[in-house]
Amino acid sequence: VQLQASGGGLVQPGGSLRLSCAASGFRLDYYAMGWFRQVPGKEREGVSCITSTGEEIYYIDSVKGRVTISRDNAKNTVYLQMNSLKPEDTAVYYCATGIPQLACYGSDIRADEYDTWGRGTLVTVSS
């Protein structure tokens, strides 16, 4: 059972990246999924989440209008498209599966409502 986030890198302010979160050993279909980010010395911050069906999606205010979460259950993958990136978006980004009945019921995306975590991918926004 493993999640792997990928797609991070160095990008200039205003640029774009698409992060992917692929699962192996289990199906993502049944889970809400969340994207989180963390910078050294700070708590992990929930960025966005999507319900298992994709019918409900939530974002934190700081990324609204710039970030789009999506999922392709056939590919067992969740994505985070990030546009108009800012230096303050610099962080290690993680994906995680939501605990059923707890996760992704609003824009308060809490790390303790997610249990299986992937290895992160570093996003650096800098000129």
Side-chain angles (χ1 to χ4, degrees):
V1 175
Q2 189 175 7
L3 288 174
Q4 179 64 59
S6 62
L10 173 63
V11 62
Q12 292 187 341
S16 298
L17 284 173
R18 187 175 83 154
L19 307 185
S20 298
C21 173
S24 57
F26 71 107
R27 298 292 308 174
L28 292 179
D29 309 44
Y30 308 113
Y31 299 96
M33 295 296 297
W35 281 100
F36 294 78
R37 63 187 180 187
Q38 190 169 25
V39 298
K42 291 191 175 182
E43 289 189 0
R44 195 163 292 189
E45 177 185 44
V47 175
S48 180
C49 68
I50 183 169
T51 55
S52 60
T53 60
E55 291 182 353
E56 295 181 51
I57 289 173
Y58 299 96
Y59 301 99
I60 54 170
D61 287 346
S62 61
V63 304
K64 280 181 181 176
R66 302 189 296 119
V67 167
T68 303
I69 191 171
S70 61
R71 64 191 301 155
D72 185 338
N73 286 342
K75 294 184 178 179
N76 217 26
T77 302
V78 178
Y79 304 98
L80 192 71
Q81 177 69 44
M82 302 191 295
N83 302 322
S84 302
L85 281 162
K86 303 176 181 180
E88 52 264 42
D89 295 318
T90 295
V92 178
Y93 283 72
Y94 300 88
C95 58
T97 57
I99 298 171
Q101 309 304 320
L102 279 183
C104 203
Y105 284 90
S107 57
D108 182 18
I109 304 164
R110 296 162 52 97
D112 60 4
E113 294 173 351
Y114 294 77
D115 52 8
T116 300
W117 291 84
R119 298 178 79 176
T121 185
L122 176 62
V123 172
T124 304
V125 185
S126 175
S127 55

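Taking 4.5 Å as the limit, some side-chain heavy atom of Gln4 sits within range of a side-chain heavy atom of Arg119. Side chains of Arg44 and Trp117 form a contact here, defined as non-hydrogen atoms less than 4.5 Å apart. The closest side-chain heavy-atom distance from Tyr59 to Thr68 is below 4.5 Å. In this structure, Thr97 and Met33 have side chains that are in contact, with non-hydrogen atoms separated by less than 4.5 Å. Using a 4.5 Å cut-off on side-chain heavy atoms (C-beta onward), Tyr114 and Cys104 make contact. A 4.5 Å side-chain heavy-atom check between Val63 and Arg37 finds at least one atom pair inside the cut-off.
No donor-acceptor distance shorter than 3.5 angstrom exists from the side chain of Asp72 to the backbone of Thr77, with no hydrogens or angles considered. Remark: side-chain polar atoms of Asn83 are not paired, donor with acceptor, to backbone N or O of Gly65 under 3.5 angstrom.
Each of Ile99 and Tyr31 belongs to its own hydrophobic cluster when Ile, Leu, Val, Met, Phe, Trp and Tyr are linked at side-chain heavy-atom distances under 4.5 angstrom. Note on Tyr94: it does not cluster hydrophobically with Tyr79, by side-chain heavy-atom contacts below 4.5 Å among ILVMFWY residues. Side-chain heavy atoms closer than 4.5 Å link hydrophobic residues (I, L, V, M, F, W, Y) into clusters, and following such links, possibly through other members, connects Leu19 to Leu28. Transitive grouping of hydrophobic side chains (ILVMFWY, heavy atoms separated by less than 4.5 Å) brings Val11 and Trp35 into a common cluster. By the rule that hydrophobic residues join a cluster once side-chain heavy atoms approach within less than 4.5 Å of another member, Ile57 and Leu80 end up as members of one cluster.
At a threshold of 4.0 Å, the pair Asp89-Lys86 does not count as salt-bridged, since none of the basic side-chain nitrogens sits closer than that to a carboxylate oxygen.
Scanning for ring-ring contact (aromatic ring centres under 6.0 Å, His included) contacts around Tyr93 gives an empty result, with sequence neighbours left out.
For Cys95 against Ala5, the heavy-atom pair with the smallest separation is SG-CB, 4.2 Å. The nearest pair of heavy atoms linking Ala32 to Ala103 is CB-O, 4.2 Å. When all heavy atoms of Val67 and Met82 are compared, the pair lying nearest together is CG2-CG, 3.9 Å. Considering every non-hydrogen atom in both Glu113 and Leu102, the closest pair reads OE1-O, 3.3 Å. For the pair Thr121 and Gly8, the tightest heavy-atom approach, listed with the atom from each and the gap, is OG1-N, 3.0 Å.
For the side chain to side chain contact (heavy atoms under 4.5 Å, CB included) with Val125, the lone residue among Leu10, Leu17, Thr90 that qualifies is Thr90.
Under a cut-off of 6.0 angstrom, the local environment of CD in Gln101 is sparse, with at most 12 non-hydrogen atoms contributed by other residues, nucleotides or ligands. More than 12 heavy atoms of other residues, nucleotides or ligands shown are found within 6.0 angstrom of CZ on Phe26.
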Listed pairs under 3.5 Å, donor-acceptor, residues 46-53 side chains, sequence neighbours left out:
from: Ser48; atom 1: OG; to: Tyr58; atom 2: O; distance (Å): 2.9
from: Thr51; atom 1: OG1; to: Glu55; atom 2: N; distance (Å): 3.3
from: Thr51; atom 1: OG1; to: Glu56; atom 2: N; distance (Å): 3.1
from: Thr51; atom 1: OG1; to: Glu56; atom 2: O; distance (Å): 3.4
from: Thr53; atom 1: OG1; to: Glu55; atom 2: N; distance (Å): 3.3

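With rounding to the nearest 0.5 Å, the separation of OG1 in Thr116 from CD in Gln2 is 11.0 Å.
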